[in-house]
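These notes concern the structure reproduced below.
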Protein chains: 2
Amino acid sequence: MTASSPRTPPQALQQIDTSSLESLVGYNARRASMFVVDIIREHIASYDLRIVDLSILLLVAHNPGITSRQLSSVLDILPPNLVGMLNMIEKRGLIERKPHPVDGRAMGLHATDSGSELAAQTESEVGQLEIEATSHLTATERKTLIRLLQKIYRR
Amino acid sequence: MTASSPRTPPQALQQIDTSSLESLVGYNARRASMFVVDIIREHIASYDLRIVDLSILLLVAHNPGITSRQLSSVLDILPPNLVGMLNMIEKRGLIERKPHPVDGRAMGLHATDSGSELAAQTESEVGQLEIEATSHLTATERKTLIRLLQKIYRR
DNA sequence: TATTGTTATACTCTATAACTATA
DNA sequence: TATAGTTATAGAGTATAACAATA
C-alpha cells in the first residue's frame with residue numbers, strides 16, 4: 001500500500017484520526033519496518049544493492065552451497081523472479097553457481113571473495129544503521145521487540 | 001522483497017542460517033507484518049477489498065471530509081495512484097466526494113451509510129483476526145509490542 | 001511422477017511529467 | 001507562485017504457464 005521515502009510533499013494537515021489503523025499490530029509493524037528498511041535501502045544504494053540483493057548476498061555468504069530453491073523459500077520469492085537477480089549478482093562477481101554435489105538438477109550458490117567481503121562490510125554497516133534507526137529504544141527494548149515479533153511469525 | 005500467501009511450494013530444506021537477517025528489527029517487523037496482514041488480506045478479499053481499500057475506507061469513515069491529499073499523506077500513496085482507488089470505492093457506493101467547504105480545489109470524502117456499515121463490520125472483524133493472528137502474545141505483550149513499534153516510526 | 005532451474009509473459013503496484021482549476 | 005486533483009504513461013515488482021534436465 002505504501003513505499004519508500006521522498007514521496008508526499010509537505011502540507012498543512014489538520015488532525016487526522018488514525019486510531020483505527022494504529023491499534024493494529026499489522027499496521028504498526030509495517031510502518032516500523034518501512035521506517036528502518038528505508039534508511040537501510042538508502043544506504044546500500046551506494047553499493048548498488050537493493051534490499052533483496054543484500055538479503056540474497058547475506059544468505060549465500062552464510063550458507064555456502066545454498067540452492068536457488070532454498071533462497072526462494074526463505075525469502076518468499078518466486079523462482080522465476082529470482083533468476084534475474086542471481087544473474088545480476090553473479091555478473092557482478094559477488095556469487096557464483098557451482099554444480100550441486102549430490103543433486104544434478106540444482107546449482108549450489110557460493111559467495112566469491114569479493115562477495116564475502118561486501119557481505120561482511122554491509123552486514124556490519126546495516127547493523128549499525130539499525131541501532132541508529134531504533135535509537136529511541138534501549139538495548140533491552142530492542143531485544144524484547146524482536147522476541148515478540150518472532151513469536152508472531154515463527155511457527 | 002516478498003509478497004502474499006500461497007507462494008512457494010513445500011520442500012525438504014535442510015537447516016539454513018538466517019541469523020544475519022533475524023537479528024534485524026526491520027526484517028522481523030516485515031515478517032511479522034506480512035504474517036498478520038496476509039491473514040487479513042485473505043479475509044477481506046471476501047468483501048472484494050484490498051488492504052489499501054480498507055485503509056482508505058476506515059480513514060474516511062473516521063474522518064468525514066478528509067481530502068485526497070490528506071489520505072495521500074497519511075497512507076504514503078502518491079496522489080495519481082489514489083485516483084483510481086477512490087473512483088472504484090466511490091463507484092461501489094461506499095464513499096462520496098463532496099465539495100470542500102472552504103477550499104474550492106479540494107474534495108471532501110465522506111462514507112455513505114453503506115460505507116460506514118462496511119467499515120464498522122470489517123473493523124470489528126479485522127480486530128478479531130488480529131487477536132487470533134497474534135495469539136502467541138498475551139494482551140500485555142501485544143500492547144508492549146505496539147508501543148515499541150510506535151517508538152520507532154513516530155517522530 | 002515430482003522437482004530444479006529457466007524462459008516468456010501477464011498482471012499489479014509505484015513513480016514521473018504535465019495539465020486545470022483554485023488559493 | 002503554489003497546491004488539489006487529475007490524466008497519461010513509464011518503470012518496478014509479482015504472478016502464472018510451460019519447458020528441459022534430473023530425481
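Each chain gets a letter, A, B and so on, in the order the sequences are listed, and its residues count up from 1.
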Check: Backbone N or O of B:Ala120 within a donor-acceptor pair of the B:Ser124 side chain at under 3.5 Å?
Finding: no
Next item on the list: Given side chain to side chain contact (heavy atoms under 4.5 Å, CB included), test A:Leu49 with A:Leu118 step by step and report yes or no.
Entry: CA-CA 10 Å; A:Leu49 289 175; A:Leu118 184 57; 4.0 Å; yes
Margin query: Can you tell me which nucleotide in C:dT14, D:dT7, C:dG5 comes closest to the side chain of B:Asn81?
Written below: C:dT14
Checklist line | Residue A:Pro80, side-chain heavy atoms: nucleotide from C:dC13, D:dT6, D:dT16 that is nearest | finding: D:dT16
Note to self: Please determine whether side chain to side chain contact (heavy atoms under 4.5 Å, CB included) holds for the pair A:Leu145 and B:Ile152, giving the CA-CA distance in whole Å, both sets of side-chain angles, and the decisive distance to 0.1 Å.
What the structure shows: CA-CA 11 Å; A:Leu145 174 57; B:Ile152 293 177; 3.6 Å; yes
Note to self: Rounded to whole Å, how long is the line connecting atom CD1 of B:Ile77 with atom P of D:dG5?
What the structure shows: 13 Å
Item checked: Lys/Arg N to Asp/Glu carboxylate O, A:Arg142 vs A:Glu130, below 4.0 Å -> yes
Could you list all N or O pairs between the protein and nucleotides 20-23 of chain D that sit under 3.5 Å apart?
from   : atom 1 : to       : atom 2 : distance (Å)
D:dA23 : OP1    : A:Gly104 : N      : 2.8

Margin query: Output the rounded distance in Å from CG (A:Leu82) to C1' (D:dT14).
Written below: 13 Å
Note to self: Can you tell me if B:Arg97 touches the phosphate of D:dT6, counting only side-chain N or O atoms and a distance under 4.0 Å to OP1 or OP2?
What the structure shows: yes
Checklist line | Rounded interatomic separation in angstrom, taking CD from B:Glu96 and P from D:dG5 | finding: 16 Å
Note to self: Tell me the interatomic distance from B:His100, atom NE2, to D:dT6, atom P, rounded to whole angstroms.
What the structure shows: 14 Å
Check: NZ of A:Lys98 versus P of C:dT4: gap in Å, rounded?
Finding: 22 Å
Could you give the side-chain donor-acceptor pairs of residues 104-111 of chain A under 3.5 Å, partners two or more places apart or in another chain?
from     : atom 1 : to       : atom 2 : distance (Å)
A:Arg105 : NE     : A:Asp103 : OD1    : 3.1
A:Arg105 : NH2    : A:Asp103 : OD2    : 3.0

Next item on the list: Nearest whole angstrom, please: distance from the P of D:dA12 to the CG of A:Leu78.
Entry: 20 Å
Checklist line | Length of the line joining A:Leu86:CG and C:dT7:C1', which is rounded to integer Å | finding: 15 Å
Notebook entry, point to check: Any donor-acceptor pair under 3.5 Å linking the side chain of A:Asn63 with the backbone of B:Asp17?
Noted result: yes
Next item on the list: Quick one: list whatever passes salt bridge (Lys or Arg N to Asp or Glu O under 4.0 Å) with A:Arg92, sequence neighbours left out.
Entry: none
Checklist line | B:Arg50 CZ - C:dT14 C1' separation (whole Å) | finding: 12 Å
